[in-house]
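Here is the structure we will look at.
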Amino acid sequence: MSAAFFIAGTDTDAGKTTVACGLLYAARRAGLSTAAAKPVASGCEATPAGLRNGDALALLGECSLALDYVEVNPFAFAPAIAPHLAAREVGVELNAAALLAPVREVLARGADLTLVEGAGGWRVPLAGRESLSDLAVALGLPVILVVGVRLGCINHAVLTAEAIARDGLELAGWVANVVDPATSRLDENLATLAERLPAPCLGCIPRLPEASPAAVAAHLELGALRR
């Protein structure tokens, strides 16, 4: 396996980082080299080394290649708000072209599995009329969609899959992440997702007491990825 994927979510807090870390852990356990990028992150904390984002640090912890934090997360912003608003407040022009170069550098490292995690949902705004999906299109990577399973998730998932296809990208697989275990008719919802999403399901993550990469990886199947 030598592949790279863009990790998208149906919404904020769908569980993109949780699933990405699980996939990277599973790959490392299979003897594969791993790398990751989260090109833009808001909600970062000030540290002596600079702004740091918890999700980006989690991804970095699952990379077998020696990467610096800034390689994984080149654009970090303190406020926990939409990235384009956080960037605007500090005078940064946040566009797809600015994000593209650092991500390509990570991809050029040639890991067996590289994951590029987006922020929020598919159409998260960047500067001007651009969206983070423009970065995914520029990279040309197949997409893994993380579906945050809760009321309304079928609509969000199908619309996101349609947008991915409209943008000319392949949906390589999807993961159901049960963020609300009290979701009514959970099994029926999962079955409907499987019927309507045009890609294999890579796994269903139940609500875990501790969503560690190892615990998440136990519910994922790398072999189902289209490559």
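Below, each value reflects all heavy atoms present in this structure, side chains not excepted, and no hydrogens, waters or symmetry copies.
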Report summary line: In this structure, CG of L65 is separated from OG1 of T34 (nearest 0.5 Å) by 6.5 Å
Query - Nearest non-hydrogen partners of P198 and A161, listed with the distance - result: CD-CB, 4.3 Å
Query raised in the report: Got a second to check how far I7's CD1 is from I144's CD1, nearest 0.5 Å?
Result: 4.0 Å
Query raised in the report: Can you list the residues that meet the side-chain contact (heavy atoms from CB on, under 4.5 Å) rule with T47, with sequence neighbours excluded?
Result: A49, R52
Requested in this report: Say whether, by atom type as modelled, one donor and one acceptor occur between the side chain of S212 and the main chain of A215 under 3.5 angstrom.
Outcome: yes
**Report entry** For the student: nearest non-hydrogen atoms of G9 and K16, plus distance
**Finding:** N-CD, 3.4 Å
Requested in this report: Give, for atom CG of L159 and atom CD1 of I164, the distance between the pair rounded to the nearest 0.5 Å.
Outcome: 11.0 Å
**Report entry** Counterpart residues, side-chain contact (heavy atoms from CB on, under 4.5 Å), relative to R185 (two or more places apart)
**Finding:** E188, N189
Query raised in the report: V146 and L24: same hydrophobic cluster, using ILVMFWY side-chain contacts below 4.5 Å?
Result: yes
Query raised in the report: Applying the 4.5 Å side-chain criterion to the ILVMFWY set and letting contacts propagate, would L60 and V216 be lumped into a single cluster?
Result: no
Report task. Determine yes or no for a side-chain-to-main-chain donor-acceptor pair under 3.5 angstrom, with E170 supplying the side chain and A172 the backbone. Result -> no
For residues 88-99, please give each side-chain donor-acceptor pair under 3.5 Å, one per line with the distance, not counting sequence neighbours.
from, atom 1, to, atom 2, distance (Å)
N95, OD1, A97, N, 3.3
N95, OD1, A98, N, 2.8

Query - All salt bridge (charged side-chain N to carboxylate O under 4.0 Å, His left out) counterparts of R29, not counting sequence neighbours - result: none
Report task. Answer yes or no: is there a donor N or O on one side and an acceptor on the other, between the side chain of T10 and the main chain of G148, under 3.5 Å? Result -> yes
Requested in this report: With sequence neighbours excluded, tell me which residues meet side-chain hydrogen bond (donor to acceptor under 3.5 Å, both in side chains) with N53.
Outcome: none
**Report entry** Spatial distance of atom CG (N177) from atom OG1 (T18) [nearest 0.5 Å]
**Finding:** 6.0 Å
Query raised in the report: Yes or no on side chain to side chain contact (heavy atoms under 4.5 Å, CB included) for L139 and L100, after CA distance, side-chain angles and deciding distance?
Result: CA-CA 7 Å; L139 292 168; L100 186 59; 3.4 Å; yes
Query - ILVMFWY network linking L135 to V106, side-chain heavy atoms under 4.5 angstrom - result: no
Query - A217: side-chain contact (heavy atoms from CB on, under 4.5 Å) partners, not counting sequence neighbours - result: Y25, A26
Query raised in the report: Is there a path of hydrophobic side-chain contacts, each under 4.5 Å between heavy atoms of I, L, V, M, F, W or Y residues, that connects L57 with F75?
Result: no
Query raised in the report: Is any side-chain heavy atom of S64 less than 4.5 Å from a side-chain heavy atom of S33?
Result: yes
Query raised in the report: Listed by chain and number, what are the salt bridge (charged side-chain N to carboxylate O under 4.0 Å, His left out) partners of R109, not counting sequence neighbours?
Result: E71
Query raised in the report: Who are the salt bridge (charged side-chain N to carboxylate O under 4.0 Å, His left out) partners of R28, not counting sequence neighbours?
Result: E62
Query - Least distance between heavy atoms, C63 atom then A36 atom - result: SG-N, 3.3 Å
Query raised in the report: What residues, two or more places apart in sequence or in another chain, satisfy salt bridge (charged side-chain N to carboxylate O under 4.0 Å, His left out) together with D13?
Result: none
**Report entry** Distance (rounded to the nearest 0.5 Å) between L171 CG and F5 CZ
**Finding:** 11.0 Å
Requested in this report: Determine, using the 4.5 Å side-chain heavy-atom cutoff (strictly less than), whether W174 and V158 are members of one ILVMFWY cluster.
Outcome: yes
Query - Non-hydrogen atoms of V147 and A157 that approach each other most closely - result: CG2-CB, 3.9 Å
Enumerate donor-acceptor pairs with a distance under 3.5 Å from any side-chain N or O in residues 114-128 to protein atoms, sequence neighbours excluded.
from, atom 1, to, atom 2, distance (Å)
E117, OE1, T17, OG1, 3.0
E117, OE2, T17, OG1, 2.7
E117, OE2, K38, NZ, 2.9
W122, NE1, D167, OD2, 2.9
R123, NH1, S133, OG, 2.8
R123, NH1, D167, OD2, 2.8
R123, NH2, D167, OD1, 3.4
R123, NH2, D167, OD2, 3.4

Report task. Find the distance between CG (L193) and SG (C204) and round it off to the nearest 0.5 Å. Result -> 9.5 Å
Query raised in the report: Is it true that atom CG of L151 has more than 12 heavy atoms of other residues, nucleotides or ligands lying nearer than 6.0 Å?
Result: no
Query raised in the report: How is the hydrophobic cluster of V70 composed, in terms of its other members, when Ile, Leu, Val, Met, Phe, Trp and Tyr link through side-chain heavy atoms under 4.5 Å apart, directly or indirectly?
Result: none
Report summary line: Cluster membership besides I81, Ile/Leu/Val/Met/Phe/Trp/Tyr side chains within less than 4.5 angstrom, sorted by chain and number, is L85
Report task. State, to 0.1 Å, how close A76 and L51 come at their nearest heavy-atom pair, and which atoms those are. Result -> O-CD1, 3.5 Å
Query raised in the report: If you look at every heavy atom in L67 and A35, which pair is closest and at what distance?
Result: CD1-CB, 4.0 Å
